[in-house]
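A short worksheet on the structure shown next.
Quick note: numbers below take in every heavy atom, side chains included, and nothing from hydrogens, waters or symmetry partners.
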Amino acid sequence: MKKGVPDLLTASFIWGTIGIVTEIGYDYGANSFASVLIRSVVASVFSLSAVGRKSLVPSRENLIMGAISTAFYEVYVFTIEVIGAPLSAVFLYTAPLFVVVLSKVVTQDAITFNKVVASMMVFLGVYLIYLSDVTTLDLALGVASGLTYALLIVFSRFMQMKGMSDMEIISSQSVWGLPMTMVISFLLSPDVSVSSTLTGIYLGVVATVIAYIFFYRGMRRTDSIIASIVTSMEPVFTVVLSWLILKETLTLLQLAGFAVIILSSFVATRRN
């Protein structure tokens, strides 16, 4: 197995729990914007303790990463609230298609035939997993999730290539995203409930700090395109966990989608 792939798979499994945890939180009255606010606060505290004052130094990279991460988390968690965990995870993995294009412009990661084919397989796989009629709002939120996630992947890869450590990147997306997250939260949902707090703590500690440690270490050993393709296992984990925990049903098309996504990871990591 190619170096970095186990780390990427670990990150995708952790992220596969995001939809489950947030959906349970919503059942108990959590709010998406308040949950993201708590996530940012918790992740910022952990990041500052690890990186120190260095993470407070303003720079162009820090500001851009803060804006991108805020956009991604706000859109994705709100999408889960609107259309549910499984479909949100599926739409999120339109990201590899965006990453293939953006990485060529931003990071010059090599675009190979295998990577292009694997990206298309991911798109087919996620489509099969949740073959369904969707509204225009569902589609818009889904594409926005995929695009902002692709921007996060590509720009974090750019920051790695600039010499920044993985914890510095995590700190950048948390600390510099916090002011924007606070503004959005207080404008749209100023009330922070117990369920929002608990959901946000999980998102901050597990789904941000721990998951991104694995993700950035895996991407450092591969590249942004392979990282986006391998972590497309996230919707597979989400749908399986939804079946196990939320008692949602699995269909033959979903199982076929799982197989296509798993195969895409092998295609992407094989030599041409």
Side-chain angles (χ1 to χ4, degrees), residues 1-18 43 46-47 50-51 61 65 68-69 72 89 92-123 125-126 146 149-174 205-238 240 258-272:
M1 184 177 288
K2 190 167 185 175
K3 287 184 177 180
V5 171
D7 288 325
L8 295 171
L9 288 174
T10 302
S12 67
F13 175 78
I14 295 173
W15 288 333
T17 67
I18 291 176
F46 271 80
S47 300
V51 180
E61 288 79 10
M65 176 55 85
I68 291 173
S69 63
F72 167 58
L92 183 64
Y93 282 91
T94 56
L97 297 174
F98 294 119
V99 171
V100 167
V101 177
L102 292 171
S103 62
K104 182 63 177 177
V105 177
V106 179
T107 62
Q108 279 76 54
D109 285 336
I111 298 177
T112 66
F113 177 76
N114 283 4
K115 291 177 183 178
V116 173
V117 170
S119 299
M120 295 173 67
M121 290 173 68
V122 168
F123 186 80
V126 296
Y149 181 46
L151 288 169
L152 180 64
I153 292 173
V154 172
F155 196 73
S156 60
R157 176 64 172 168
F158 172 76
M159 293 175 77
Q160 285 184 338
M161 296 171 69
K162 294 276 286 186
M164 296 185 68
S165 71
D166 297 344
M167 278 306 304
E168 285 176 331
I169 299 171
I170 295 172
S171 177
S172 176
Q173 69 183 64
S174 301
V205 176
V206 181
T208 300
V209 176
I210 295 176
Y212 275 105
I213 287 174
F214 283 106
F215 177 73
Y216 288 144
R217 188 168 64 185
M219 183 166 64
R220 192 178 293 277
R221 295 173 177 175
T222 55
D223 61 38
S224 59
I225 300 174
I226 289 178
S228 68
I229 292 168
V230 173
T231 52
S232 63
M233 283 293 293
E234 178 184 340
V236 176
F237 291 128
T238 298
V240 171
F258 295 168
V260 172
I261 289 175
I262 293 170
L263 183 59
S264 73
S265 295
F266 286 102
V267 172
T269 54
R270 280 177 60 86
R271 294 182 182 274
N272 280 333

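The two atoms that bring T222 and L8 nearest to each other are OG1-CD1, 3.9 Å, heavy atoms only. Taking each heavy atom of I153 and S228 in turn, the nearest pair found is CD1-CB, 3.7 Å. Across A43 and S47, no two heavy atoms sit closer than the pair O-OG, 2.7 Å. Counting all heavy atoms, side chain and backbone alike, V51 lies closest to M167 at CG2-O, 3.5 Å. Looking at every heavy atom in both residues, F13 comes nearest to F237 through CA-CD1, 3.4 Å.
Taking OG from S69 and CG from L151, the interatomic distance works out to 11.5 Å, rounded to the nearest 0.5 Å. To the nearest 0.5 Å, atoms CG (L152) and CZ (R157) are separated by 14.0 Å.
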Exercise for review: Evaluate the criterion side chain to side chain contact (heavy atoms under 4.5 Å, CB included) for residue pair Q173 and F72; output intermediate values, then yes/no.
Suggested key: CA-CA 10 Å; Q173 69 183 64; F72 167 58; over 6 Å; no
Exercise for review: Would you please test Y212 and I169 for side chain to side chain contact (heavy atoms under 4.5 Å, CB included) and show each step?
Suggested key: CA-CA 9 Å; Y212 275 105; I169 299 171; over 6 Å; no
Exercise for review: For D166 and I213, run side chain to side chain contact (heavy atoms under 4.5 Å, CB included): C-alpha distance rounded to whole Å, both residues' side-chain angles, the deciding distance at 0.1 Å, then the answer.
Suggested key: CA-CA 7 Å; D166 297 344; I213 287 174; over 6 Å; no
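Put simply, the side chain of S174 never gets that close to the backbone of S171: no donor and acceptor are under 3.5 Å apart. A donor-acceptor pair is defined here as one N or O able to donate and one able to accept, closer than 3.5 Å; no such pair exists between the side chain of E61 and the backbone of M159.
Relative orientation of the Y149 and W15 rings is perpendicular, given thresholds of 30° and 60° on the angle between their planes.
For the side-chain contact (heavy atoms from CB on, under 4.5 Å) criterion with S12, the lone passing option out of T231, D7, T238 is T231.
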